[in-house]
Structure formats: C-alpha cells, structure tokens
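All chains are named by letter (A, B, ...) in the order of the sequence lines, taking the proteins before the strands, and each is independently numbered beginning at 1.
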Amino acid sequence: MAKPKIAVFKFTSCSGCQLQILNVESHLLDLLGEVDISFFPMATRSVRHGPYDIGFVEGSVSAPEEIERLQEARRECRSLVALGSCAYSGGLQALKNWVDAAGLKAAVYPDPSKIKTLDQAREIDHYVKVDGRLRGCPINQEQFVDFVAATLRGKQPDFGEAPVCVQCKLNDNICLLVSRGEPCLGPVTQAGCGAICLSHNRACYGCFGPHEDINAPAMIDVLRGLGLSGQEILRKFRHINSNAEGCREGVNLIVSQADARRISGAG
Amino acid sequence: MSVKRMRVEYLARVEGEGGLQVKVRDGQVEELTLNIFEPPRFFQGILLGRSFTEVADFTSRICGICPVAYQMCALMAIERAIGLQVSPTTRELRKLFSLSQWIQSHSLHIYLLALPDLLGFPSAVELSEADPEAVMRGLRLKQLGNDLTALIGGRAVHPVTAVVGGFTWIPSQKEMDEMRDRLLRALDDALETVRLVAGLKLPGFEHQTEYVALMDQDGYGVNQGRWISDRGLDIDAADYREHIHEFQVAHSNAMHSIRRGGGPFMVGPLARVNLGFDRLSPVAKAAAAGAGWRFPAHGSFRAIQARALELVHAIAESAAILDGIDLKDTAIPPFRPRAGEGAAMTEAPRGTLYHRYRLNDQGLVEFADIVAPTSHNLHQIEDEMRAFIPTVIDLPDDRLALECEMLVRNYDPCISCATHFLNVRIERC
C-alpha cells in the first residue's frame with residue numbers, strides 16, 4: 001500500500017507549529033518511514049502535487065491571496081487539519097480584529113496603502129470545512145504524533161475536552177489560583193499542553209484557547225474577586241485566542257457588565 | 001544586447017509576481033527585488049495598550065524559530081523602561097537560554113536547511129537516505145538545543161518561564177549538572193559538524209559589506225554589549241534610531257534598514273565571527289584553525305562556517321555557564337509599573353534584534369518599535385545578490401536559480417519556510 005501523503009501549509013503565522021513537527025526528533029525518522037511528506041516547504045524543496053491524504057494548516061487567514069490558497073488546499077486534501085491556535089482561532093494577530101485597521105497599518109508602515117491585508121485575521125474554519133484541530137500556541141508534539149498515528153490507523157484521535165485544571169491536578173501542582181490568588185485561566189482553558197505553565201510556577205494564560213464548556217461568568221467573577229479591573233480581565237480574554245467563541249463570550253460579558261454599571265451609576 | 005529575466009516564486013500559489021525578480025541586461029543586473037509576502041501581523045500596533053507584563057509573551061509569537069531572542073529582548077527593554085535591575089544569575093541564565101536557541105537554530109539550519117542544497121539533495125529526507133549518520137547527528141544537536149531551552153523555559157517553542165525580573169522557575173542543580181555533562185559530550189558532534197562543513201565545496205564568491213554585532217565586554221556578544229561595526233559604528237541600544245534608518249519598499253511587506261549616511265550592512269553569525277572571533281571559546285577557535293578557516297571572511301557563502309563555529313562555541317559556553325552557576329541568587333526583585341522608555345538589543349541566532357517600548361504610569365505600552373534580524377539583512381541580501389548574479393549569469397537557468405536561493409538561505413532568514421518553497425521560473429527575453 002502506498003504511504004499516505006502529507007502536506008503542511010503555512011499561512012499567517014510564526015512557523016512555531018511547523019517547527020514543533022520538526023522537533024519530534026526522536027520520532028521524526030519513524031514518522032518519515034510511515035508517511036510521505038509530499039509538501040512541507042519549511043523542510044523540503046521538493047514538491048509532490050496533491051491530492052494529499054492529510055493536510056495540516058498552520059496560520060490564520062489575514063491576506064486576500066490566502067483565501068484562495070486555503071480553498072485550493074481544501075480541494076487537494078482528503079482531511080484538512082488546523083495546526084495550532086492561529087489556524088484554530090486566528091491566533092494572536094486576530095487582536096487586530098478589534099481595532100481600527102487603517103490606524104493599525106499607519107502605526108507600523110510609513111505608506112499603509114502598499115500593504116494588502118484583510119481587516120480581520122480569521123480561523124480557517126471561517127473559509128473552509130475543517131476535519132480536525134490541534135490546539136495550542138504552539139501545538140503539543142505528543143498530540144501531533146498521536147493525531148498522525150490515530151489517523152493512519154483510521155481512528156478518530158481523542159484528546160478529551162477537559163480544562164487545564166485536570167492536567168494540573170494530575171501533575172500534583174498546588175493550585176496557584178486558590179493558594180496564591182494568581183489570575184489563572186486554567187479553569188476555562190482547553191487541556192493539551194500538559195499544564196506546562198502551572199508546573200513551572202506560572203498562571204495559565206490560555207494559549208490552547210477556551211475549552212468547550214467554558215463558564216465565562218464564573219471565571220470573570222473569580223478574577224474580579226482577585227481584584228482585577230474590567231480592563232485587566234478583558235485583556236485575559238483578548239489574548240492568543242481572542243477570536244475563539246469562548247473568549248468573545250467573555251469579552252461581551254465584561255463589556256455588558258461595564259455598561260450596566262455605567263447606566264446604574266456605580267463605578 | 002541580451003536581456004534576461006529571472007523569477008523565483010516564493011509561494012507557488014501566490015498570484016502575480018514571485019519572491020525574487022531579476023532583470024539582467026548585458027550581464028548587468030538592471031532590476032532586482034526580493035519580495036516578502038509574509039502577511040504582516042502588526043505586532044507594533046497590537047502591543048499598544050497592553051500591560052508591560054504581557055509584552056514578552058506577545059513578541060515571542062513573532063518568530064517560532066527564535067522565540068527566546070524575542071522574549072529576552074522585550075524583557076530587557078521593559079526592565080530598562082521601569083528601571084529594574086535583575087540578578088547576575090538571572091543574566092547568566094538568560095544568556096544560557098539564548099545560547100540554547102543558537103544551538104537549536106544553527107543545527108536546524110546547517111543540517112536540515114543548508115546541507116541538502118550543498119550536497120545536492122532536495123531535503124534532509126533524501127539526505128538521510130544517503131548519509132543517515134549526518135542527519136542523525138543534526139537531529140541530536142537540534143534536540144540538545146531544544147532540551148536546554150525546555151529545561152529553562154518549560155517548552156522549546158514559546159517557552160513560558162521568562163518574565164519581567166527573571167524566571168518563574170529554576171531547574172534543580174541535578175538537572176543543571178546532567179545538562180552540563182550532556183553538553184560536554186555533545187561537543188564531539190559539534191566538532192564533527194565543523195569537519196563536515198570544512199569538507200563542503202562552497203562557492204568562492206566574495207562580497208564586502210559592513211558587519212554589525214553586539215560586542216560584550218565579558219565575552220562573545222549574546223544579550224548585552226555595545227553594537228559595533230568594522231566601519232566605526234559603536235552605539236548603545238538607546239541610540240539605535242539615530243543611526244539606523246528603516247524604510248518601506250514597494251515590493252515587500254518587510255521593512256528594509258540601512259545605516260544613516262551609509263549603506264546596507266550584515267548581521268548574524270558571519271558578522272559576529274568577523275568582529276568577535278577572538279572572543280570565541282578556545283575550542284571553537286581551535287576548530288577554526290583545524291578547518292583552515294580565517295576571519296574576517298567576506299560573502300555570505302562563508303556564513304555556514306561561522307554558524308558551525310558558533311555551534312561549537314554555544315555548546316562550550318553553555319557548559320561553562322552551567323559549571324559555575326550559583327542558583328541561590330535567582331529571586332525576582334520587586335517592581336511596579338512606572339512611566340518610562342527602554343530599548344534593548346539581543347543577538348538572535350540569525351542576527352541582531354532591536355526592541356524599544358514606551359510605557360505609561362500604569363505600565364501600558366504607548367509605543368513599540370521592533371526590528372527583526374531578517375529586516376536588518378534584507379537590503380544587504382539584495383545588494384549582495386546584485387553583485388553575485390553577474391558572476392553566475394552563464395549557468396543554466398535551474399542552476400542559476402538554485403544559486404540565488406542558496407544566497408538567500410545563507411542569511412537563514414526568518415522566512416526560511418518560504419525560501420524553501422521555490423518554484424523557479426526564468427524568462428529569457
């Protein structure tokens with residue numbers, strides 16, 4: 001049987017998730033034995049044309065030409081997989097979605113008219129059907145290897161839908177939120193990183209994005225209880241995955257709470 | 001009269017022009033543009049209004065290949081803005097952290113990105129069939145760099161422990177000792193890399209330019225020192241904008257830089273070795289002698305030699321840092337937000353990186369200025385390419401295009417992902 005053909009596409013991104021693929025050093029040559037890397041510009045000049053069995057997409061869509069290129073990638077791939085936070089939610093650059101686009105260009109370029117970008121950086125789901133998602137900024141290598149291994153065996157990879165707190169507990173960490181009052185996003189963030197920050201004495205900042213059953217109102221109450229201002233909480237949700245649904249829900253709640261306070265005359 | 005047009009497309013499915021466009025008339029380059037398609041992400045804009053404690057996590061995401069450089073540079077600039085001094089041990093750990101990225105990035109570049117070109121393979125996959133030992137060595141070295149980054153930072157890409165004032169977490173003495181021993185064992189692999197590179201037949205093309213790098217009083221420049229060139233530049237990060245002019249070109253989303261009153265300049269391993277060869281660790285200097293390499297060397301095709309020497313140096317230096325480090329003095333000093341402005345420079349694997357921030361009294365960013373190493377080099381790449389093409393103009397089209405690609409890759413640009421995806425098209429008029 002022919003080896004499955006794999007393609008890795010890059011859109012607007014930092015290349016860190018692609019590097020995570022190259023970083024599976026101990027598995028890299030095994031992986032190469034099982035699959036045919038047909039298209040991976042960061043790693044090889046050679047290009048074998050599609051169709052591909054699995055296409056991994058790194059990056060968000062933020063320039064007009066990327067829409068077409070993504071649609072073509074979709075047509076070429078039997079299964080199309082979002083690789084990391086940019087492809088999953090738009091990534092950090094989606095922060096531009098909430099500010100005036102013209103002003104932003106002018107802040108960075110002397111002649112903004114020469115810069116051709118879309119006003120919004122969006123997740124790939126916004127433009128094409130997506131068959132699988134690997135979360136994280138960057139992706140977790142074990143999840144990548146598990147994902148490829150499961151897919152090769154015709155199985156649906158299952159990463160569960162737990163929040164980071166579950167992994168944090170499994171690591172026997174002391175809860176930074178409860179014990180030290182640190183504004184940790186673990187309760188509302190999708191697990192998968194291995195609770196790396198918490199295991200290194202740092203509060204979670206949500207790089208894997210909100211998990212499905214996010215309880216945004218409760219998280220906001222907890223953060224307020226720790227003394228964070230509305231603006232500070234807003235920034236927690238407007239971070240690496242600001243365009244993900246759960247983060248937008250959090251932002252809307254904070255904004256409506258601020259409006260309610262203004263109307264009622266309270267601070 | 002002969003006119004020759006060459007086009008190297010960076011992204012095959014990009015409409016319109018490709019990445020490198022050249023028009024040659026009578027053996028002379030008439031037009032040359034290196035197009036950067038990478039859509040801009042407006043970091044300097046999205047940082048506005050963010051807290052000073054968030055900046056390093058943001059700038060890390062500018063580059064997944066050298067996030068540590070972006071974290072270190074941001075943290076040092078922020079600390080200058082708020083007037084915070086970190087402990088000497090923190091400075092040493094930060095240097096070690098940055099060197100870990102040199103090890104990772106240089107071995108990635110030498111073995112996976114450059115070597116296939118130089119040995120005539122499309123990628124490391126085919127190379128690994130012909131010379132598995134070489135590719136395994138490259139992967140071992142890369143993993144060593146990654147493991148050192150992860151030991152200090154929690155993970156290799158976008159590590160998490162580096163914060164304003166220091167690190168949230170310090171490895172144990174035992175882990176440090178084990179890493180030191182592993183580094184010392186890995187020196188053989190690094191020296192073998194020098195021998196491998198010494199055996200390569202590199203194009204003999206030479207090109208003079210100005211070399212700029214951080215020179216540290218205490219050794220080879222990494223995170224600190226003055227920014228010095230072989231043509232009289234000698235400045236602190238705070239004065240950067242008085243000396244470097246950044247400008248937009250129509251054909252690229254990345255800005256170009258030149259020295260005010262001067263021209264293009266080179267940053268990166270070759271610039272660093274040309275200026276700081278004497279500061280390299282003895283084992284790296286001995287390796288250069290063994291290979292018969294002399295510096296300063298001119299022309300970016302020699303950069304792979306500088307990269308190999310820096311790989312030896314980074315491993316030896318990391319082991320030396322771990323040998324003498326005192327882990328007691330690592331507490332994060334107390335700090336508060338305050339209004340101020342601060343600039344910093346670091347040597348990322350591929351060259352000098354510059355950050356400057358202005359904060360308000362709540363510690364929110366009012367102004368951000370970031371210049372990436374590749375941005376420093378872009379004008380230089382075009383300049384060298386303009387001189388290089390006439391020397392290879394008689395080569396067959398496909399070979400000519402490959403030579404041009406190789407010249408771009410000599411700079412290990414952050415767009416290396418793109419530069420490895422080249423559909424070559426040459427049009428003869």
Check: Can you pull out the residues in residues 150-158 of chain B with any heavy atom less than 4.5 Å from chain A?
Finding: G154(B), R155(B), A156(B), V157(B), H158(B)
Margin query: Under the criterion side chain to side chain contact (heavy atoms under 4.5 Å, CB included), I'd like the reasoning laid out for L92(A) against D57(B): C-alpha separation, chi angles, the key distance, then a yes or no.
Written below: CA-CA 10 Å; L92(A) 191 63; D57(B) 292 325; over 6 Å; no
Notebook entry, point to check: What pairs with F208(A) under ring-ring contact (aromatic ring centres under 6.0 Å, His included), at least two apart in sequence or on another chain?
Noted result: none
Item checked: F58(B)/H239(A) under ring pair (Phe, Tyr, Trp, His ring centres under 6.0 Å): CA gap, chis, key distance, verdict -> CA-CA 9 Å; F58(B) 273 44; H239(A) 207 274; 5.1 Å; yes
Next item on the list: Hey, could you give me the CZ/CG distance between F42(B) and L95(A), rounded to the nearest 0.5 Å?
Entry: 13.0 Å
Check: Tell me, side chain or backbone of E232(A) under 4.5 Å from chain B's heavy atoms, or both, or neither?
Finding: neither
Margin query: Checking I332(B) now: which residues fulfil side-chain contact (heavy atoms from CB on, under 4.5 Å) with it, not counting sequence neighbours?
Written below: V163(B), F335(B)
Check: Going from CD on Q143(B) to CG on N23(A), what distance comes out if it is rounded to the nearest 0.5 angstrom?
Finding: 8.5 Å
Checklist line | Distance-minimising heavy-atom pair for R202(A) and V160(B) | finding: NH1-O, 2.7 Å
Item checked: Residues forming a side-chain contact (heavy atoms from CB on, under 4.5 Å) with N97(A), sequence neighbours excluded -> A94(A), Q120(A), A121(A), R122(A), N243(A)
Check: Taking it one step at a time, do S62(A) and R41(B) satisfy side chain to side chain contact (heavy atoms under 4.5 Å, CB included)?
Finding: CA-CA 8 Å; S62(A) 78; R41(B) 287 175 289 158; 5.6 Å; no
Next item on the list: Against chain B, label I240(A) side chain, backbone, both or neither, depending on which of its atoms sit under 4.5 Å from a heavy atom there.
Entry: side chain
Notebook entry, point to check: Which pair of non-hydrogen atoms, one from R50(B) and one from R238(A), has the smallest distance, and what is that distance?
Noted result: NH1-O, 2.6 Å
